[in-house]
Number of protein chains: 2
Amino acid sequence: MSNRFVEKLNGFSRLSPNDIAALTAATADQRLYTARHDLIREGDRPGPVFVVLDGWACRYKILPNGSRQILAYLMPGDSCDLHVGLLAEMDHSIQTITPALVATISRPEMDDVFTRYPGIAKALYLSQLIDEGTMRAWITSMGRRASIERVAHLMCELYLRAHNIGITLEPPFALPLSQTMLADSLGMTPVHLNRVLKELRGTGAMTLQRGSLIIEDPVQLNRIAGFDENYLHRRLRTAFAGQDR
Amino acid sequence: MSNRFVEKLNGFSRLSPNDIAALTAATADQRLYTARHDLIREGDRPGPVFVVLDGWACRYKILPNGSRQILAYLMPGDSCDLHVGLLAEMDHSIQTITPALVATISRPEMDDVFTRYPGIAKALYLSQLIDEGTMRAWITSMGRRASIERVAHLMCELYLRAHNIGITLEPPFALPLSQTMLADSLGMTPVHLNRVLKELRGTGAMTLQRGSLIIEDPVQLNRIAGFDENYLHRRLRTAFAGQDR
DNA sequence: CGCAATTTTGATTTTACTCAACTCAAGTGG
DNA sequence: CCACTTGAGTTGAGTAAAATCAAAATTGCG
């Protein structure tokens, strides 16, 4: 028995059968949540570690003026911070986007895994480093990329991540994100995002419509985005293989 | 014997004399770098862990079009990622801002510390979680805060962090950051940043001139910034004590 | 079908960028 | 000591990008 979390970590650094068994056992406590359910809120005392096994979730923050900033997307196999338990309070919230199957790993269980399974620990650290790289890419996008580049860049990121865990299948890639959510991720208004999507459609690079993303010209989309897959640390290097160049 | 790194970690979770001795030994390999020296560049294979003991440094990325995005500031006591060694390549560069005393910890030494000194490991994890919170705050600033709020927010952050390690002393707080660097941190142009600083001076909240920051009205500055010190995880909660409210 | 949410479009205003010039302070070397 | 250079900071005018406000079209779904 296995799951998306195990598969993802196993892709990072090959796990032993022992590791896999331990991870599977640790993520045995699973629950199905409805869409738009807060798993934990800003200000809450952190509890167990959350692992998304199926569906999408996001980290976000609400500002005093009511606006929202989405900080990251969690796809199947992704988890929240491993050591959140050390903190007194959450500085952001985590919410499901779609109905989602989520496993929780208690703090002692987590500690146990870390001390007894160095192979898992290593894979977890790698995973965390990649998440940090993604955050840096978001900062870079928001600070120094034009809006069309930002949108293209996020699409490249999401496509590669999805492809990497095998959920893109053939061209119409299902992105369960409303334009409002995308706008809240990219620091722009929904209206402007909508116009940028139209512009991108015009370039022939990609089409995002009714929740499905079609990348018509990966090379051009990459070029528009100024996308450097290295920031995902060569994990996902082969994702576009066969499509581009 | 001790250093800023030890002091910072000791502030997070009290270390035993043993821990302190081990950390001091681990950071014994120190070197003084000139200002504007790259400790490591994007694309390099990661080597040892860097720890800034004195002076300032920053993480940054250069985009294809030549523009720069600063991703984080490292102040005395701050370090780069603990597990960078796991990665094939750096996805960003790290550069000194001022002349800086930097310790390097080799990968085996790091591993040794992690396995033999759980107290240190815990403090290091906390430190990393706080850095992540800071990144999330930057994303939030860039995405959803007006430029004057962004500037005010960064000043609050830097002031609190500096205060927390005891380098603010009395009011004129020395910020060794040019307006160009600040602009590259905040995703704006130097010209616009300059106008915003003027505006902030006009509000009476703060004055940044010739590398020294004077916070004239902490309450107002906090209000402009929409600053929630919680994102630094209550570590730095007492910093403004005696000044505000 | 009909409601509600999301997406799309248009017109206008605001914000920030660009380009260019000018100031100022701190060196440098004759 | 004074011209000269240099880099950072400042200011102004014009332009471009994105936000705002408002409304219409489309879609999903009970």
Side-chain angles (χ1 to χ4, degrees), chain A residues 34-36 56 63 65-70 95 97-99 141-155 172 174-203 206-214 224, chain B residues 34-36 56 63 65-70 97-98 141-155 172 174-203 206-214 224:
Chain A
T34 58
R36 294 178 176 261
W56 289 51
L63 277 82
N65 66 17
S67 63
R68 172 178 64 169
Q69 177 63 47
I70 290 176
Q95 183 174 92
I97 296 171
T98 64
S141 269
M142 306 247 261
R144 285 290 176 246
R145 275 191 257 264
S147 59
I148 191 170
E149 300 168 347
R150 279 212 294 280
V151 175
H153 199 276
L154 180 59
M155 292 305 121
L175 259 193
L177 310 173
S178 70
Q179 295 189 4
T180 300
M181 296 201 79
L182 290 173
D184 282 348
S185 317
L186 295 165
M188 41 206 277
T189 58
V191 172
H192 188 53
L193 176 83
N194 183 274
R195 292 189 232 265
V196 170
L197 286 176
K198 189 179 173 185
E199 199 184 340
L200 272 170
R201 237 174 281 137
T203 66
M206 56 159 271
T207 301
L208 178 60
Q209 245 160 1
R210 255 167 275 126
S212 75
L213 173 67
I214 299 176
I224 293 172
Chain B
T34 59
R36 295 180 175 260
W56 289 52
L63 278 81
N65 66 17
S67 64
R68 173 177 63 169
Q69 176 63 47
I70 291 176
I97 296 171
T98 64
S141 269
M142 307 247 261
R144 285 288 177 248
R145 275 192 256 263
S147 59
I148 191 170
E149 298 169 348
R150 280 212 292 282
V151 175
H153 199 275
L154 180 59
M155 294 304 121
L175 258 195
L177 309 173
S178 68
Q179 294 189 4
T180 300
M181 296 202 78
L182 290 173
D184 282 347
S185 318
L186 295 165
M188 42 206 277
T189 57
V191 172
H192 188 54
L193 176 83
N194 182 277
R195 291 189 231 265
V196 171
L197 286 176
K198 188 179 173 185
E199 199 184 338
L200 272 170
R201 236 175 280 135
T203 67
M206 55 159 271
T207 301
L208 178 60
Q209 246 159 0
R210 256 167 273 128
S212 76
L213 173 68
I214 300 175
I224 292 172

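Quick note on labels: first sequence line is chain A, next is B, and so on, each numbered from 1. Since this is a predicted model, take the numbers as computed values, not measurements.
Taking the side chain of B:Q179 as heavy atoms from C-beta on, and the options C:dT8, D:dT10, C:dT6, the nearest nucleotide is D:dT10. The side chain of A:S147 has D:dA18 as its nearest neighbour among D:dA18, C:dT9, D:dT11. The nucleotide whose nearest atom lies closest to any side-chain atom of A:M188 is, among C:dT9, D:dA19, D:dT11, D:dA19. Among C:dT18, D:dA18, D:dG9, the nucleotide with an atom closest to any side-chain atom of B:S178 is D:dG9. Across D:dT10, D:dA18, C:dT6, the shortest atom-to-atom separation from the side chain of A:R36 is found for C:dT6.
With values rounded to the nearest 0.5 angstrom, A:H153 atom NE2 is found 3.5 Å from A:R145 atom CZ. Expressed to the nearest 0.5 Å, how far CG of B:N65 lies from CD of A:E149 amounts to 7.0 Å. A:I224 CD1 to A:T203 OG1: the interatomic distance, rounded to the nearest 0.5 Å, is 4.0 Å. Distance NZ/B:K198 to CG/B:L200: 13.0 Å, rounded to 0.5 Å. To the nearest 0.5 Å, the span separating CZ on B:R150 from CG on B:L186 amounts to 6.5 Å. Between atom CD1 of residue B:I70 and atom CZ of residue A:R144 there is a gap of 9.0 Å, rounded to the nearest 0.5 Å.
Taking atom NE2 of residue A:H192 and atom C1' of nucleotide C:dA11, one finds them 16 Å apart after rounding to whole Å. To the nearest angstrom, C1' of D:dA19 lies 18 Å from CZ of B:R145. Computed from coordinates, the B:R201 CZ to D:dG9 P distance equals 11 Å when rounded to whole Å. Rounded to whole Å, the distance from CG on B:L186 to P on C:dA16 is 12 Å. Atom pair B:L208:CG and D:dA8:P shows a separation of 15 Å (rounding to whole Å applied). What separates CG of A:L182 from C1' of D:dA18 is a distance of 17 Å, to the nearest Å. Residue A:L197 contributes atom CG, which lies 18 Å from atom P of D:dT26 at whole-angstrom precision. Nucleotide D:dT10 holds its C1' atom 16 Å from the CG atom of B:L200, rounded to whole Å.
Contact check for A:M188 versus A:V151: side-chain heavy atoms found under the 4.5 Å cut-off. Two residues are said to be in side-chain contact when any heavy atoms from C-beta on lie closer than 4.5 Å; A:L197 and A:M206 meet this criterion. Looking at heavy atoms from C-beta onward, A:M181 lies in side-chain contact with A:R68 at the 4.5 angstrom threshold.
Across its full length, the helix from C:dC1-D:dG30 to C:dG30-D:dC1 shows an angle of 30° between the axes of its 5 terminal pairs at either end, rounded to 10 degrees.
At the heavy-atom level, B:R150 lies nowhere under 4.0 Å from the strands shown. Using a 4.0 Å heavy-atom cutoff across all strands shown, A:G211 reaches no nucleic acid atom at all. Among the heavy atoms of the strands, none lies under 4.0 Å from B:R144.
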Can you give one letter per nucleotide of nucleotides 20-28 of chain C, 5' to 3': B if a protein heavy atom sits under 4.0 Å from the base, S if only from the sugar-phosphate, - if neither? ---------
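One finds a side-chain N or O of A:N194 lying less than 4.0 angstrom from the OP1 or OP2 phosphate oxygen of C:dT8. A sub-4.0 Å separation between OP1 or OP2 of D:dT11 and a side-chain N or O of B:K198 is present.
Taking 3.5 Å as the limit, the base of D:dG9 and the side chain of B:R195 contain no donor-acceptor pair of atoms between them.
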Can you give the donor-acceptor pairs under 3.5 Å from side chains of residues 189-196 of chain A to other protein atoms, not counting sequence neighbours?
from, atom 1, to, atom 2, distance (Å)
A:T189, OG1, A:H192, N, 3.2
A:H192, NE2, A:S147, OG, 3.3
A:N194, ND2, A:Q179, OE1, 2.9

